[in-house]
Amino acid sequence: MATETVAKPRSSVRVGVQKFGTFLSGMIMPNIGAFIAWGIITAFFIPAGFTPNGDLAKLVGPMITYLLPLLIGYTGGRMVYGVRGGVVGAVATMGVIVGTDIPMFIGAMIMGPLTAWLLKKLESLWENKVKPGFEMLIDNFTAGIVSAIMAIFGMLVIGPIVKSFSNGASAVVEFLVNNGLLPFTSIFIEPAKVLFLNNAVNHGILTPLGTEQALAQGKSILFLLEANPGPGVGILLAYMVFGKGMAKASAPGAALIQFVGGIHEIYFPFVLMKPIIILAAIGGGMTGIFTLVLTGAGLRSPAAPGSILAVFAATPADSFFGVALSVLLAATVSFLIASVILKASKDVEGDELGEATTRMEAMKGKKSSVSSALAGAGAGAGAGGVAVLAGPVKNIVFACDAGMGSSAMGASVLRNKIKAAGYPDVKVTNSAIANLSDSYDVVITHQDLTERAKPATSSAVHVSVDNFMNSPRYDEIVDLVRSSNAPADASGVGAPGTTSGTAAAGGAAGASAATVVTTEPEAAGPSGILAADSVVLSGSAATRDAAIDEAGRLLLDRGAVDAGYLDAMHEREESVSTYMGSYLAIPHGTNAAKDHIRKSAVSVVRYPNGIDWNGKEVKFVVGVAGVNNEHLQILSSIAKVFTNKAQVAQLEAATTVDEVLDLFGKVNS
């Protein structure tokens, strides 16, 4: 469970703006493809397009008016509160769309996250207090009521406010253009890029305003104010000619990545190790913008990433000359200024580039995915998939294929351990792998499933276990929670029971409706989940597969599942063993088999002589089928029993079904 720990950046205005910019970018970037699709349709089919077509041109208006804002609103809501946040965000965005007559991108970036945040806060008031079985009803009505109110609020209040702001911002841009002042925006844009503030400017203001301008005029200069690759490639070319050591050696590869790949951050360390070179970026940026103003050129849609290929792909037919000239002259001026600075200053050595790369990553707050191209593996550590723990552990998830049985048991066991250690505020949930999001601090999976979980949760610490019931890794996780949450005293020892910070945004609540309860139940589960006729004290099976069939038939006889679920139980066992440790196995279906479940039920079969379960001895087989998490309380009770050796011994010695039911929490009371 080795991790690489990165110090949490100190709070500052710059860091705050960076986070805000990253949040705005997170709403826009996933939808750039939709912007480009709109740009292509516009370029080809409007009356002034390459191939005018009145029928196909009808797509242009609805896409810009409805589709793009709704996508942004949904994405913003999902970032805050998962899929449910996305849905209410989209509904609320519809209000600002109807309330104005301009494309509501800024309104969508307000209403989507705001509505999702309100829903999240409201539902936190009764979290874990709703009677099992009523969660879906309450969740759906709450979401509907909140989104309806916010849609009306957006239509009557937010829409008119955003329209006024948009008109004012457009007037400012028009003033700058008419008075030849637009090139001076580079004085702010180019330093902002190096300080990672570009997202707040580019995606927060320039892209929405540029899209409105492109809708009216077919193109916009605003799309190229920040995305022009000329200034960056000019600086890198200067280092190729006049640089020294590691900087000179790294510059050619960096130039290719920046100019063709569109990853502008690759040249930031070259500026940071000699800050005066920012003058070259500013000069190049001003030249590029001035050229665009003179030639009347622009792009029809955003160029993301800022690659020369993406720039030309978004260039309308009447702007190719102006855009190409803008990039060329920006690179030339940037190269000339940077060359003068480099020739007049001391030699630049490779270690300075490494230090600058480190400073860049410190400002960015995480490891750079391209820094290894500059300073070797040392600079790029962390880009290869090593987990990064940047703050206190607040959100732990157990993930398995279905999120129904083994992960729920493991979550219950670890939750008790963490509570006993004095950290009750640390959330321990469980989820199906298919429902994971990158919002967790620690992800625990069976060793055969870890690689499936990593892509969706790349920023988390990943822990692999061979069983969920009594893995020794749990103690390591408790130690990790203790060390990351407790402030160190003078001797460097954390104070048990002390926590800091708040749970990660989105958290487990943003994962899925399949995510499991986050607190240990105090009382028994809902009546009927484990019935007396679903408990067998002496099973007849002699093999693993026969035992799965025996436990599954008890569920089938209860009317809890159909026959297809039994096949899914075997399918699940073939992919990952459901052996839990402590003589226990809990076979259940795959995530895809949930349609075969009719109601929640649990069956228990005891095998006094034990059976072989993939080389492990199993004496208790618990079959599981769950709807809306109704089965989770009984699973928590079972987990408590099987982590207590004395109670396991009582189960082995039980002579009546009632004794078994009593040990599992009097589930029928």
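Numbers here are sequence positions counted from 1.
- With rounding to the nearest 0.5 angstrom, the OH atom of Tyr474 is 11.0 Å from the CD1 atom of Ile396.
- Within the 4.5 Å cutoff, the side chain of Met155 has no heavy atoms near those of the Val96 side chain.
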side-chain contact (heavy atoms from CB on, under 4.5 Å), that's the test. Do Leu566 and Ile548 meet it? Break it down for me. CA-CA 8 Å; Leu566 273 65; Ile548 293 174; over 6 Å; no

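- Between the CD1 atom of Ile477 and the CG atom of Leu414 there is a distance of 5.5 Å, given to the nearest 0.5 Å.
- Checking side-chain atoms of Thr65 against main-chain N and O of Gly61 turns up a donor-acceptor pair under 3.5 Å.
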Kindly determine whether Phe620 and Val660 satisfy side-chain contact (heavy atoms from CB on, under 4.5 Å), including the steps that lead there. CA-CA 11 Å; Phe620 300 92; Val660 174; over 6 Å; no

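- No donor-acceptor distance shorter than 3.5 angstrom exists from the side chain of Ser603 to the backbone of Leu555, with no hydrogens or angles considered.
- Residues Val88 and Tyr81 have side chains not in contact (no heavy-atom distance under 4.5 Å, counting atoms from C-beta outward).
- With rounding to the nearest 0.5 angstrom, the CG atom of Asp562 is 5.5 Å from the NE2 atom of His596.
- Heavy-atom minimum distance, Ala90 versus Leu70: O-CD2, 3.3 Å.
- Asp441 contributes a side-chain N or O that, together with a main-chain N or O of Asn395, makes up a donor-acceptor pair within less than 3.5 Å.
- Of all non-hydrogen atoms in Ser534 and Leu554, the two that sit nearest each other are O-CD1, 3.7 Å.
- In terms of heavy atoms, Tyr440 sits closest to Thr429 at CE2-OG1, 4.1 Å.
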Kindly determine whether Val463 and Leu480 satisfy side-chain contact (heavy atoms from CB on, under 4.5 Å), including the steps that lead there. CA-CA 11 Å; Val463 180; Leu480 179 63; over 6 Å; no

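- To the nearest 0.5 Å, the span separating CD1 on Ile158 from CD1 on Ile152 amounts to 14.0 Å.
- A side-chain donor-acceptor contact under 3.5 Å links Lys599 to the backbone of Arg558.
- A pairwise comparison of heavy atoms in Met63 and Ile41 identifies SD-CD1, 3.6 Å as the closest pair.
- Formation of a donor-acceptor pair under 3.5 Å by the Arg84 side chain with backbone atoms of Leu119 is not found in this model.
- Between Thr142 and Glu123 the shortest side-chain heavy-atom distance falls below 4.5 Å.
- Of all heavy-atom pairs spanning Pro160 and Thr100, the tightest one is N-CG2, 4.2 Å.
- Atom CG of Leu71 and atom OG1 of Thr75 lie 6.0 Å apart (nearest 0.5 Å).
- Nearest heavy atoms, Thr115 versus Ala92: OG1-CB, 3.1 Å.
- At least one donor-acceptor pair under 3.5 Å links the side chain of Ser147 to the backbone N or O of Gly144.
- The closest donor-acceptor contact from the side chain of Arg598 to the backbone of Gly559 lies at 3.5 Å or more, if one exists at all.
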When you look at Val146 and Ile149, which way does the side-chain contact (heavy atoms from CB on, under 4.5 Å) test go after all the steps? CA-CA 5 Å; Val146 169; Ile149 292 174; over 6 Å; no

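- Between Tyr66 and Thr93 the shortest side-chain heavy-atom distance does not fall below 4.5 Å.
- One finds the OH atom of Tyr579 at 8.5 Å from the CG atom of Leu584 (value rounded to the nearest 0.5 Å).
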